Amino acid sequence: MNKNKLLAVLVNYGDEQLNYLAEVVSGLKSFKHYDVTVIVQSNITLNIEGIDTVNVITLEDYQLLPLTCRKVIWDNRDDYDVFLFGENDHLFLESHIDKHLEYEKILPENRITGLIQFEENEKGRYYPGYHHHYDWKYNTVEEYNGLKFAHFSNTHQATFILSKAQLHKIGERFNFNNLVKDPSLSFMDKVLNKLKKVMQKPLKHPNTYSVKCKVNTDVYDYGGMKKLICISEFEDNLIHHLPNIYIDGLKGRNKFRSHEDRMSNALKKLLN
């Protein structure tokens with residue numbers, strides 16, 4: 001039986017999280033039903049078992065380092081069956097790939113599935129993407145082949161999984177090597193800044209993402225396919241952010257997270 005060829009392109013900056021990178025690579029190389037090639041885009045040399053290629057990149061702005069992963073994927077768009085991008089601390093499971101391909105077969109062509117990040121400690125599980133104004137869109141529940149899906153407004157997950165067909169389709173919508181800019185966004189930023197000065201108090205900012213985040217959010221926001229999460233198989237569509245640093249706002253991070261009780265209540269509302 002021929003295995004699907006999977007290209008995993010990961011980004012690494014510095015040596016602070018090499019233990020997580022090693023765990024992520026080991027996990028990818030343990031996949032039984034995929035022939036996995038791992039390429040890492042890094043600003044330093046690496047000696048980690050399982051990595052097939054390390055490309056050491058020199059940039060003036062290392063916020064753009066993740067974007068070089070998209071270029072590698074695009075350059076190899078005809079050579080693999082499945083593609084994934086990830087930061088060096090997000091633990092991919094083989095079931096993530098299995099489910100993504102399974103859902104692709106039953107969803108309309110203008111739909112694509114994604115993952116929800118989680119962290120955990122001795123007190124339970126937390127969801128770093130579930131903060132501020134981000135929430136489930138409760139009127140977006142769709143059902144296909146007995147499975148229910150819904151849209152979560154925070155499309156950032158620091159990763160993406162794409163089949164070859166999906167990658168080619170997205171490549172027709174925008175230049176996969178470059179970050180997409182919403183022309184209306186800069187205008188809105190100017191308007192909001194003026195309003196802030198007039199009102200002398202902060203206003204809610206529209207849904208914008210940093211340069212690093214846009215490497216994956218562009219895929220979902222501008223690729224021509226609405227991002228859905230399979231809520232009836234929710235546990236299969238979670239990806240662990242290994243450092244667990246957003247729970248308490250460690251290492252300069254913001255304390256972004258919601259506890260599992262909030263997520264459980266939201267899922268009950270969506271499923272009912």
Side-chain angles (χ1 to χ4, degrees), residues 27 84 86-87 89-163 166 204-209 213 216-217 219-221 223-250 253-272:
L84 66 81
E87 295 183 0
D89 55 6
H90 283 68
L91 187 61
F92 284 97
L93 306 178
E94 187 165 11
S95 58
H96 290 145
I97 315 302
D98 292 340
K99 286 298 180 181
H100 184 89
L101 297 179
E102 175 187 330
Y103 300 148
E104 183 186 18
K105 293 178 181 178
I106 66 173
L107 292 178
E109 290 186 0
N110 63 348
R111 298 291 188 265
I112 186 171
T113 51
L115 304 170
I116 294 285
Q117 298 164 289
F118 78 92
E119 297 185 338
E120 60 186 358
N121 62 13
E122 67 281 356
K123 295 182 180 180
R125 184 186 290 168
Y126 297 81
Y127 300 91
Y130 204 171
H131 64 270
H132 292 350
H133 57 285
Y134 294 114
D135 203 347
W136 291 95
K137 297 296 184 182
Y138 292 95
N139 62 345
T140 64
V141 177
E142 303 175 16
E143 184 169 341
Y144 303 97
N145 279 33
L147 297 176
K148 290 186 177 182
F149 301 81
H151 177 70
F152 188 68
S153 64
N154 189 349
T155 55
H156 176 57
Q157 60 180 52
T159 61
F160 60 71
I161 302 170
L162 298 172
S163 69
Q166 290 170 335
K204 284 187 177 181
H205 197 277
N207 289 1
T208 60
Y209 300 96
C213 293
N216 79 97
T217 60
V219 169
Y220 302 112
D221 295 343
M225 293 176 280
K226 185 176 182 178
K227 181 182 178 182
L228 299 177
I229 306 296
C230 185
I231 55 175
S232 53
E233 296 183 335
F234 186 69
E235 291 292 322
D236 292 326
N237 297 283
L238 301 177
I239 187 163
H240 190 185
H241 183 227
L242 294 170
N244 300 316
I245 54 179
Y246 287 101
I247 297 173
D248 296 313
L250 302 176
R253 303 306 199 275
N254 290 314
K255 195 173 181 179
F256 286 160
R257 81 290 193 279
S258 290
H259 192 261
E260 56 191 334
D261 289 345
R262 183 185 181 196
M263 184 66 81
S264 295
N265 290 333
L267 290 172
K268 288 178 183 177
K269 183 176 179 180
L270 287 163
L271 289 169
N272 292 330

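Bear in mind that the values here come from a model prediction, so they are computed numbers and not experimental data. In what follows, every heavy atom counts, from backbone to side chain, and hydrogens, waters and symmetry copies are set aside. Residues: numbered from 1 along the sequence shown.
- In terms of heavy atoms, I97 sits closest to L84 at CD1-CD2, 3.8 Å.
- Of the listed residues (T155, D221, T217), just one forms a side chain to side chain donor-acceptor pair (under 3.5 Å) with Y209, and that residue is T155.
- When all heavy atoms are compared, the tightest approach of Y127 to Q117 is CD2-O, 3.5 Å.
- Side-chain contact between I245 and E119 is present, with at least one heavy-atom pair separated by less than 4.5 Å.
- Taking each heavy atom of E260 and G124 in turn, the nearest pair found is OE2-CA, 3.5 Å.
- Not a single side chain to side chain donor-acceptor pair (under 3.5 Å) links H96 to another residue, sequence neighbours left out.
- Atom NE2 in H90 sits 9.5 Å away from atom CG in L115 (nearest 0.5 Å).
- Shown here are the side chain to side chain donor-acceptor pair (under 3.5 Å) partners of H151, two or more places apart in sequence or in another chain: there are none.
- Note that the CD1 atom of I112 and the CD atom of E104 stand 8.0 Å from one another [nearest 0.5 Å].
- Note that OG1 of T113 is 5.0 Å distant from NE2 of H100, once rounded to the nearest 0.5 Å.
- L267 and W136 make their closest contact through CD2-CZ2, 4.3 Å (heavy atoms, listed as atom of the first residue, atom of the second, distance).
- Not a single salt bridge (Lys or Arg N to Asp or Glu O under 4.0 Å) links E120 to another residue, sequence neighbours left out.
- Checked against the 6.0 Å centroid threshold, H241 and F118 do not count as a close aromatic pair.
- V219 places a side-chain heavy atom less than 4.5 Å from the side chain of L162.
- Contact annotation: the side chain of T140 approaches that of K226 to within less than 4.5 Å [non-hydrogen atoms, C-beta and beyond].
- Under the side chain to side chain donor-acceptor pair (under 3.5 Å) criterion, Y126 pairs with no residue at all, not counting sequence neighbours.
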Inset, instruction - Check step by step if side-chain contact (heavy atoms from CB on, under 4.5 Å) holds for F92 and I161. - result: CA-CA 10 Å; F92 284 97; I161 302 170; 4.1 Å; yes
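- At least one donor-acceptor pair under 3.5 Å links the side chain of N244 to the backbone N or O of L242.
- Between F149 and Y144, the shortest heavy-atom distance links the atoms CD1-CD1, 3.9 Å.
- Not counting sequence neighbours, the partners of Q157 by the side chain to side chain donor-acceptor pair (under 3.5 Å) test are T159, Y220, K227.
- Put simply, CG on N272 and NZ on K269 are 11.0 Å apart, with the number rounded to the nearest 0.5 Å.
- By the 4.0 Å N-to-carboxylate-O rule, R111 lies close enough to E142 to be salt-bridged with it.
- Looking at N145, its side chain never comes within 3.5 Å of a backbone N or O of L147 through a donor-acceptor pair.
- Shortest non-hydrogen contact noted between L270 and A150 is CD2-CB, 4.1 Å.
- At a threshold of 4.5 Å between non-hydrogen side-chain atoms, the residues R262 and D135 count as touching.
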Scan the side chains in residues 230-237 for donor-acceptor partners under 3.5 Å anywhere in the protein, sequence neighbours excluded, and list what turns up.
residue : atom : partner : partner atom : Å
S232    : OG   : K148    : N            : 2.9
E233    : OE1  : K99     : NZ           : 3.1
E233    : OE1  : Y103    : OH           : 2.6
E233    : OE2  : K99     : NZ           : 3.3
E235    : OE1  : R125    : NH1          : 3.3
E235    : OE1  : R125    : NH2          : 3.2
E235    : OE2  : R125    : NH1          : 3.0
N237    : ND2  : Y103    : OH           : 3.2
N237    : ND2  : E233    : O            : 2.8

